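Report on the following structure.
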Amino acid sequence: DMSRDYLPTSVAFALRNVMPLLEPNRKGARQVQVLLASDLKPNMVKSAHIIYVGLLSGMGVLRELVFSGSGFQIGETYDELFDTRSQQHYVSQASLQRDARNAFIDYGFVSSRTGADGNELLVLAGTRDVALMHVAEALTQAASLQALDQAAGAAYDIEALYAVRGLDQTNLDGQLLQAYRLGTAASR
C-alpha cells in the first residue's frame, strides 16, 4: 500500500476471489486477519501464514524476502520484471496506455514458499491492476493451479510469471510464461 491511505482497485477484486477460500462457512473456522502491507512486521513474516494480495510496488517488508533467492528481479520501476534464468525483461504496457480502446500487456507474479518455521508465504502480485486481478482468478481455479504445479514441477516453493492482456481496467486473458521451483533452474 506504499503507506498511502487508499486500496488499489485490483486488490478489492482480487480479495473477492481469494477470501471465500480462506473463510469457509464452518463453525469454529479461524478468522482471517486482513492487514495493510505497511502494518506487517518482520516477526509476523517469521511465524504467521501470509497471503499478500497487491501490487509489486506495495510489498513493503515482504519484497526483500520474496526476491532473495528468486529468479526474478524488479527492474528500475515496479512496472518491470527481469527473469535472471531466461534473461528476459518484461515491462508492463499498462502505464503507457493513453487510449482505453487499445489492449495492452501487464505482468502478474506468483510466489509460494515455506518459511523456516513451517509457515507459508503466498504472493499474488501484479505490476498493475489487471495482472493482479488475473493471478487472483487463476490461482483460485483448480485447472489453473494444476497447470501451474505441473509447469513448476511442484505445488510448493514455486514462483511464476503471467502475461495478462488487458483492456481499460479489465483483464481479458492471461498466459503462464514461466514457472520455476525455487532453488532449481527448471522452467516451463
Side-chain angles (χ1 to χ4, degrees), residues 1-23 29-84 90-92 94-95 106-140 144-145 148 156-164 166 169-171 174 178-180 182:
D1 74 288
M2 297 175 51
S3 298
R4 295 186 179 140
D5 294 329
Y6 69 89
L7 183 71
T9 306
S10 58
V11 173
F13 287 104
L15 286 174
R16 180 182 63 188
N17 291 72
V18 173
M19 290 302 290
L21 299 176
L22 301 176
E23 292 245 357
R30 294 182 58 195
Q31 204 171 36
V32 173
Q33 184 177 7
V34 177
L35 297 173
L36 296 175
S38 57
D39 292 336
L40 191 63
K41 305 294 181 221
N43 64 325
M44 296 173 181
V45 174
K46 182 178 178 187
S47 60
H49 298 297
I50 296 173
I51 299 175
Y52 173 79
V53 178
L55 301 177
L56 288 174
S57 60
M59 292 181 69
V61 298
L62 293 177
R63 180 180 174 195
E64 185 175 332
L65 174 66
V66 170
F67 287 99
S68 68
S70 171
F72 294 97
Q73 296 175 349
I74 294 176
E76 291 184 28
T77 71
Y78 289 102
D79 284 335
E80 302 173 58
L81 279 169
F82 180 71
D83 183 341
T84 60
Y90 302 95
V91 180
S92 172
S95 67
D106 199 9
Y107 295 96
F109 175 76
V110 173
S111 177
S112 168
R113 59 180 68 213
T114 305
D117 291 345
N119 59 312
E120 297 291 328
L121 172 61
L122 175 63
V123 172
L124 309 177
T127 51
R128 296 288 177 132
D129 288 326
V130 298
L132 173 58
M133 290 185 289
H134 176 78
V135 295
E137 288 175 9
L139 267 67
T140 56
S144 295
L145 275 174
L148 173 59
Y156 300 98
D157 297 323
I158 63 173
E159 60 185 2
L161 183 69
Y162 289 82
V164 180
Q169 288 295 308
T170 304
N171 56 313
Q178 300 287 355
Y180 301 108
L182 290 170

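Atom set for the values below is all heavy atoms of this structure, side chains included, hydrogens, waters and symmetry mates excluded. It should be emphasised that the depicted structure is a prediction, and the values quoted were computed from it without experimental measurement.
- The main-chain N or O of L55 is found under 3.5 Å from a side-chain atom of Y52 such that the two form a donor-acceptor pair.
- Smallest separation of non-hydrogen atoms from G126 and A131: CA-CB, 3.9 Å.
- The line from OG of S57 to CZ of R63 is 10.0 Å long, rounded to the nearest 0.5 Å.
- Contact annotation: the side chain of K41 never approaches that of V61 to less than 4.5 Å [non-hydrogen atoms, C-beta and beyond].
- Side-chain atoms of T114 and E120, non-hydrogen and from C-beta on, do get closer than 4.5 Å to each other.
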Practice item. Could you go through the ring-ring contact (aromatic ring centres under 6.0 Å, His included) check for F72 and Y180 one step at a time? Key: CA-CA 10 Å; F72 294 97; Y180 301 108; 5.8 Å; yes

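- Pairing each heavy atom of L124 with each of A136, the nearest pair is CD1-CA, 4.4 Å.
- Of the options V135, V130, D129, a side chain to side chain contact (heavy atoms under 4.5 Å, CB included) to L132 is made by V135 and by none of the others.
- In this structure, CZ in R113 is found 11.5 Å from CG in N119, a value given to the nearest 0.5 Å.
- Counting non-hydrogen atoms of other residues, nucleotides and ligands closer than 6.0 Å to CZ of F13 gives a total of 12 or fewer.
- Counting heavy atoms of neighbouring residues, nucleotides and ligands inside a 6.0 Å radius, atom CD of E64 does not exceed 12 of them.
- Rounding to the nearest 0.5 angstrom, the gap separating the CG atom in L40 from the CG atom in L62 is 5.0 Å.
- Listed here is the closest heavy atom pair of A138 and S144: O-CB, 2.9 Å.
- Proximity of a side-chain donor or acceptor of Q73 to a complementary backbone N or O of T84 within less than 3.5 Å is not detected.
- Between atom OG of residue S111 and atom CG of residue L161 there is a gap of 12.0 Å, rounded to the nearest 0.5 Å.
- Atom-to-atom distance recorded for H134:NE2 and T170:OG1 is 14.0 Å, nearest 0.5 angstrom.
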Review point. Does the pair D106 and S92 meet the rule for a side chain to side chain donor-acceptor pair (under 3.5 Å), with working shown?
Key: CA-CA 5 Å; D106 199 9; S92 172; 2.8 Å; yes

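- Under the 30°/60° scheme for interplanar angles, the aromatic rings of F109 and F67 are found to lie parallel.
- Taking every heavy atom of both residues into account, D79 and S95 meet most closely at OD2-OG, 3.4 Å.
- Scanning both residues, T140 and N17, for their nearest heavy atoms gives CG2-O, 3.5 Å.
- Distance check, rounded to the nearest 0.5 Å: CG of L122 to CD1 of I158 gives 9.0 Å.
- Annotation for E159 and S70: closest pair OE1-OG, 2.7 Å, computed over non-hydrogen atoms.
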